[in-house]
Amino acid sequence: MIALVDCRNFYASCERVFRPDLAKTPIVILSSNDGCIIARSDEAKALGVPMGEPYFKAAHIIKEFKIVVFSANFSLYGNMSNRVMAVLGEFSDKLEIYSIDEAFLDCSQEKDLKEYGRLIHYTVRKWTNIPVAVGIAPTKTLAKIGCLLTKRDPDLCGVGLVTANMDLTKILSEVSVSDIWGIGRKLSKSLKLNGINNAQELRMADLRWIQKRYGINVVRTIYELHGTACSELRQLRPIRKSICSSRSFGRKITELREIEEAVAAYVSRAAEKLRSEELKTTTIGVYIRGGRFTNSPFSQSYFVNLFNPTDDTSFLIKIAQTAIRKIFKAGIRYEKCGVSFFNLSLKSQHQLPLFSSINQDLMEGKQLNLGTIIDKLNQRYGRDTLFISACGITPSWKTKAIKMSPHYTTDWRQLPTIG
DNA sequence: TCTGGGGTCCTAGGACCC
DNA sequence: TCTGGGGTCCTAGGACCC
């Protein structure tokens, strides 16, 4: 069983920790440059302030109902998040920090799940002042739905339990496809056009058709709705694959000098992140864009592959500025620019000794099974670094299809059963 | 007038190799 | 009824998440 702990209206709740006088007041949080509404308290939601709305469009509601407005304070939210996660760490050895305001916990050992959920709900509130919802279920997708139920039904007191022996048909019929984790705007629109409106209907959909039409991820979601886990708890944070630093300017920019300065600042921020995680990069990219909300948006990017992996800020700034000069066009009004690093590698290059020891063993003809290698890699780099996917292969003289399996695993011993 | 920032994964297609 | 077979690497685009 998996518990999902989700902080309610996280950014708004964080602000309230330091402004207890605003406990009942509607609050919204704005993105950088006070551009968009990125979080709302329950009261603000009830007044009809939409998520992601540009501030100027919601300004009249905000004024009319005297909604209190905050500019986002991400370092505060990061600190509060750490506190919440530390409390959750007390409840389970197996914890996956999924985002700034959500975590999955393994609670397979717990006997009274309802009570366990209540205890989490109560303790986090007491120790951090942040209200949370708890969803408990056999899979992550169902745990998400458990959380959703608590928002609809106050009688649940913040704990939504979804178990295999409950009437899933009834529960899932009341969940819109667009509320399912992994089904976003595009997919839900398309699914609805095909007559699939709620989670129950999706659960019963034809798997082959779904895989062909929507790909493997939706198939996995369906398995999860049935109670078969397709996404494991990731306790160790995998090594990240890219770092991006970008900002909107808040006004239109036409001067190269200003953009160069911005790029230099973004590179140092991104490089700091790079070093703090003991990584180096082999690719740096820059982009600038404008006209996003006109009918002629444009953007340009330029990537540079580096000869040696590096984390040297001033070197990277030099490259980025050269790159940005290549794509900057005088006279164009730019709104945003950014810097990304790709192909990150470990500073210490641990891969080499690990792989070479495996190669050595193979060369010497030692008996090595796949399981041992996978275990080794996963141990060093965290689970899910390497996984095996059972494949179904459809041979034909004309077509060849290799499909991904919905059920993937890092445990080779499970292969015979799912293969 | 004013419209966030930072990620992941999957799929398809093309170039190229033997 | 018909194309050789088998592979790698890279890129672009599209979807999703918070």
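Per chain, numbering begins at 1; letters A, B, ... match sequence-line order.
Position along DNA chain B of the nearest nucleotide to A:I38 versus A:C244 favours A:I38 as the more 5'-ward residue. When the nearest nucleotides of DNA chain B are assigned to A:R251 and A:I243 by heavy-atom distance, the more 5′-ward of the two goes with A:R251.
Of the candidate nucleotides B:dT8, C:dC18, B:dT3, C:dC18 has the atom lying nearest to any side-chain atom of A:S99. Closest to the side chain of A:C36, from the set B:dT8, B:dT3, C:dC18, is B:dT3. Between B:dT3, C:dC17, B:dG4, one nucleotide has an atom nearer to the side chain of A:K57 than all others, and that is B:dT3. Across B:dG5, C:dA15, B:dT3, the shortest atom-to-atom separation from the side chain of A:L187 is found for C:dA15. In the set B:dG4, B:dC9, C:dC18, C:dC18 carries the atom at the smallest distance from any side-chain atom of A:W181.
Contact annotation: A:K241 side-chain N/O to B:dC9 OP1/OP2 distance is under 4.0 Å. Close to B:dC2, at under 4.0 Å from its OP1 or OP2, lies a side-chain N or O of A:K252. A sub-4.0 Å separation between OP1 or OP2 of B:dG6 and a side-chain N or O of A:K336 is absent. Put simply, A:S248 has a side-chain N or O that comes within less than 4.0 Å of OP1 or OP2 on B:dG5. For the OP1/OP2 pair of C:dC18 and a distance below 4.0 Å, the side-chain nitrogens and oxygens of A:K144 include at least one atom meeting the criterion. Taking only side-chain nitrogens and oxygens, A:R220 comes nearer than 4.0 Å to OP1 or OP2 of B:dC10. Considering only side-chain N and O atoms, A:S246 lies under 4.0 angstrom from the phosphate OP1 or OP2 of B:dG6. Between A:R240 and B:dG7 there is a side-chain N or O to OP1 or OP2 distance below 4.0 Å.
Across A:I120 and A:V132, no two heavy atoms sit closer than the pair O-CG2, 4.4 Å. Closest approach of A:Q235 to A:D93, counting heavy atoms only: NE2-O, 3.5 Å.
Protein atom OH of A:Y11 is 11 Å distant from nucleotide atom P of B:dG6, rounded to whole Å. Atom-to-atom, CD of A:Q211 to C1' of B:dT11 comes out at 12 Å; the value is rounded to the nearest Å. As a whole-Å value, the separation of A:I62 CD1 from B:dC2 P is 18 Å. Between A:E277 atom CD and B:dG7 atom P there is a gap of 9 Å when expressed in whole angstrom units. Note: NZ (A:K186) to P (C:dG13) measures 14 Å, nearest angstrom. Atom CD in A:E102 sits roughly 19 Å away from atom P in B:dG6 (whole-Å rounding). A:I183 places its CD1 atom 14 Å from the C1' atom of B:dC10, with the value rounded to the nearest Å. If you measure from atom OH of A:Y98 to atom P of C:dC16, you get 13 Å, rounded to the nearest angstrom.
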Give the C-alpha distance, both sets of side-chain angles, the deciding distance and a yes or no for ring-ring contact (aromatic ring centres under 6.0 Å, His included) between A:Y11 and A:F70.
-> CA-CA 10 Å; A:Y11 296 168; A:F70 287 90; over 10 Å; no

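Aromatic ring centroids of A:Y122 and A:W127 lie 6.0 Å or more apart.
There is a side-chain donor-acceptor pair under 3.5 Å between A:S176 and A:S178.
Ring-base stacking between A:Y55 and B:dT3 is not satisfied when judged by a centre separation under 5.5 Å and a plane angle under 30°.
Cation-pi contact between A:K140 and A:F104: present, with separation from the ring centre below 6.0 Å and deviation from the ring axis of at most 45°.
Heavy atoms of A:I180 sit under 4.0 angstrom from primed sugar atoms or phosphate atoms, though from no base atom. Counting any heavy atom pair closer than 4.0 Å across all strands shown, A:D101 reaches sugar-phosphate atoms only and no base atom. Among the protein residues, A:E53 comes within range of no part of the nucleic acid, since none of its heavy atoms lies under 4.0 Å from any strand. At a threshold of 4.0 angstrom between heavy atoms, the contacts of A:F74 with the nucleic acid are absent. Residue contacts for A:L30: at a heavy-atom cut-off of 4.0 Å it reaches no nucleic acid atom on any strand shown. Counting non-hydrogen atoms under 4.0 angstrom, A:R292 reaches the backbone sugars and phosphates but no base.
With P as the reference atom, B:dT3 and C:dC18 are 25 Å apart, rounded to whole Å.
The pair A:D179-A:R152 counts as a salt bridge, with a side-chain nitrogen and a carboxylate oxygen less than 4.0 angstrom apart.
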